[in-house]
Amino acid sequence: SLSVATSVCSFIAQMLALVSLPFLFQDRLGFSAVETGLLLTPWALAIAAAAPVAGRLADRYPPGLLCSAGLIVFASGLLTLAFLPAHPGIITIVWRMALMGTGFGLFQSPNNRAMLSAAPKSRSGGASGMLGTARLLGQTTGAAVVALLFARLPQQGPTVALLLASGCALVATAVSLARLYEA
């Protein structure tokens, strides 16, 4: 249950960022749609690079520890994006996106493994369903919260969304750490 809760909180954070970042890049920073797409790419590449490493580390370390470390890195990346300078260079954005992706990649593999391995073999389908439900619940909630923020705070929406995403990632970190103290 702690792995599921961690997953929901982390996917809320992910979607808060993914939905708000294009608005930040295009509306506030003046990047084109193509440039915005390219600026989002380091996040996905970093996840793809970090996930196999995290999978191997999951064989040696408890998921609560690995996931928490990844979520702290993810939250740090979100926070640094929220406080971008007024006229950031491409590299300034790229390393922040890569930091976020690295953190999320370090989190996701061990957490998914913990969720799936916690269930008995006869309930593996149910565990897989919970994994998908947690992801979808988090993503849907995150997207809805961004819409709410943009309606209420049109100018500050992207920045507030990133700050809130960082907070959600830190809540996910706390929930993940609680797994280390389970009996």
Going from [atom1] on [X] to [atom2] on [Y], what distance comes out if it is rounded to the nearest 0.5 angstrom?
X	Y	atom1	atom2	answer
Leu38	Met97	CG	CE	11.5 Å
Leu177	Leu71	CG	CG	9.0 Å
Leu21	Gln26	CG	CD	11.0 Å
Ile47	Thr102	CD1	OG1	9.0 Å
Leu180	Ser68	CG	OG	6.0 Å
Arg179	Leu66	CZ	CG	9.5 Å

Test your reading of the model: is there a side-chain donor-acceptor pair from [X] to the backbone of [Y], 3.5 Å cut-off?
X	Y	answer
Arg96	Gly77	no
Thr92	Pro88	no
Ser166	Ala75	yes
Asn111	Cys67	no

Considering only heavy atoms from C-beta outward, does the side chain of [X] approach that of [Y] to under 4.5 Å?
X	Y	result
Leu2	Ser176	no
Leu163	Phe83	yes
Phe25	Leu40	yes
Leu162	Leu24	yes

(request) Find out if a path of hydrophobic residues (ILVMFWY) with successive side-chain heavy-atom gaps under 4.5 Å connects Leu170 to Leu78. (result) no
(request) Can you run down the ring pair (Phe, Tyr, Trp, His ring centres under 6.0 Å) pairs that involve residues 125-155, sequence neighbours left out, and say none if there aren't any? (result)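 Listed by first then second residue: Phe23-Phe150.
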(message) Distance alone, cut at 3.5 Å: any donor-acceptor contact between the side chains of Thr159 and Arg28?
(response)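 Looking only at side-chain atoms, Arg28 and Thr159 do form a donor-acceptor pair, the distance falling under 3.5 Å.
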(request) Quick one: do Thr36 and Leu29 satisfy side-chain contact (heavy atoms from CB on, under 4.5 Å)? Show the steps, please. (result) CA-CA 10 Å; Thr36 295; Leu29 300 178; over 6 Å; no
Expected list for residues 7-19: side-chain donor-acceptor pairs under 3.5 angstrom, two or more places apart:
residue	atom	partner	partner atom	Å
Ser10	OG	Thr6	O	3.3
Ser10	OG	Ser7	O	2.9

